[in-house]
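Just below is one structure, and these are the notes that go with it.
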There are 2 protein chains.
Amino acid sequence: MQTQTTPTGPQPQATGRSLEHPRREAIRLEDVLHALSDPMRMRVVRTLAEESAELTCSVIDLPVSKSTTTHHFRVLRESGVIHQIYRGTAKMNALRREDLEALFPGLLDSVLAAAALQEGRLGGDRG
Amino acid sequence: MQTQTTPTGPQPQATGRSLEHPRREAIRLEDVLHALSDPMRMRVVRTLAEESAELTCSVIDLPVSKSTTTHHFRVLRESGVIHQIYRGTAKMNALRREDLEALFPGLLDSVLAAAALQEGRLGGDRG
DNA sequence: GAAATAGTACGCCGATCGTCAAACTATACT
DNA sequence: AGTATAGTTTGACGATCGGCGTACTATTTC
């Protein structure tokens, strides 16, 4: 069922497993704020922002179980904060920067800056 | 126990009933985001921001019961988003703009802007 | 002191949350 | 085909959430 259009060399292609994402216009501020109000999810978002690239779930390595990790990534996806796509056995994650910036200008950046500032204040423990 | 410094004429002074507020340094980003992720509380915050003045709880008039209203105001206070003080039988509420701006620069404004934009998009129903 | 006003405290409810372990699915590698 | 890798699903758990009504407290006004 491969319906991919842009082959990218030796890396595995996207597969048929589908993931539901809210359309840009369907993203709601309260859902985004709720998604960001959990420390584990904030960690994911900050990592994604720092790397500014697609990352697999496992590369982020939260101190919770695999199933809890799955849960947090789903909350982030369903709230519209991240985009996920299957690639081989992995699932790539990326921030929906453009969509968020279009809907809520400056919000993501100020949240990320606030998180960084707070981490500094609290002594670098990131929690 | 009136320890008020700026008498403002015929209106009642602050009374002895005490309200716990987190110190500025104790305010946590995740608590603020959680506080703002509820539509009723967002309504309160937006109203406070628009009026840019102290308001009583009852002036804001949420479509929930009195006790639920009390609950929401407490969440906002305990998260550090608003400051509350008793004045006679009323309780005055104000945004902690300075503290929030010092801790999380630009955050409150971008959240308020985002809420306004979303209200526009969604047709002015404020929910 | 009595009535009115403004908000609190205390349970209670059903729903959602964050967490886990166990069993499972999908893909890749050999 | 068989094994390894990566993530999902399900169902459970205790905790928290947003909501309510009722009874209560504090203050002002009469």
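Here is the naming used below: chain letters follow the sequence lines, and residue numbers restart at 1 for every chain.
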Could you tell me how far apart [X] ([atom1]) and [N] ([atom2]) are, to the nearest whole angstrom?
X: B/L19; N: D/dT27; atom1: CG; atom2: P; result: 12 Å
X: A/M40; N: C/dG18; atom1: CE; atom2: P; result: 11 Å
X: A/I85; N: C/dT27; atom1: CD1; atom2: P; result: 13 Å
X: B/D31; N: D/dT16; atom1: CG; atom2: P; result: 13 Å
X: B/E78; N: D/dG18; atom1: CD; atom2: P; result: 12 Å
X: A/Q84; N: D/dA6; atom1: CD; atom2: P; result: 16 Å
X: A/H34; N: C/dT16; atom1: NE2; atom2: P; result: 11 Å
X: A/Y86; N: D/dT5; atom1: OH; atom2: C1'; result: 14 Å

Residues from residues 61-74 of chain A sitting under 4.0 Å of DNA chain D, heavy atoms only? A/K66, A/S67, A/T70, A/R74

Start with the C-alpha gap between B/H83 and B/H21, add the side-chain angles, then the distance that decides, and say whether ring-ring contact (aromatic ring centres under 6.0 Å, His included) holds. CA-CA 7 Å; B/H83 178 261; B/H21 291 80; 4.4 Å; yes

May I ask you to test the A/L48-A/L76 pair for a side-chain heavy-atom distance under 4.5 Å? no

Do the non-hydrogen side-chain atoms of B/R28 and A/Q118 ever get within less than 4.5 Å of each other? yes

Taking salt bridge (Lys or Arg N to Asp or Glu O under 4.0 Å) as the test, write out the residues that go with A/D99, two or more places apart. A/R24, A/R96

Less than 3.5 Å apart, any donor N or O on the side chain of A/T70 or A/S67 sitting next to an acceptor on the other? no

Do you see a donor-acceptor pair shorter than 3.5 Å between the side chains of B/S37 and A/S37? no

Between D/dA6 and A/R87, is there an OP1 or OP2 to side-chain N/O distance shorter than 4.0 Å? no

Taking 4.0 Å as the cut-off, does a side-chain nitrogen or oxygen of A/S58 come that near to OP1 or OP2 on D/dT5? no

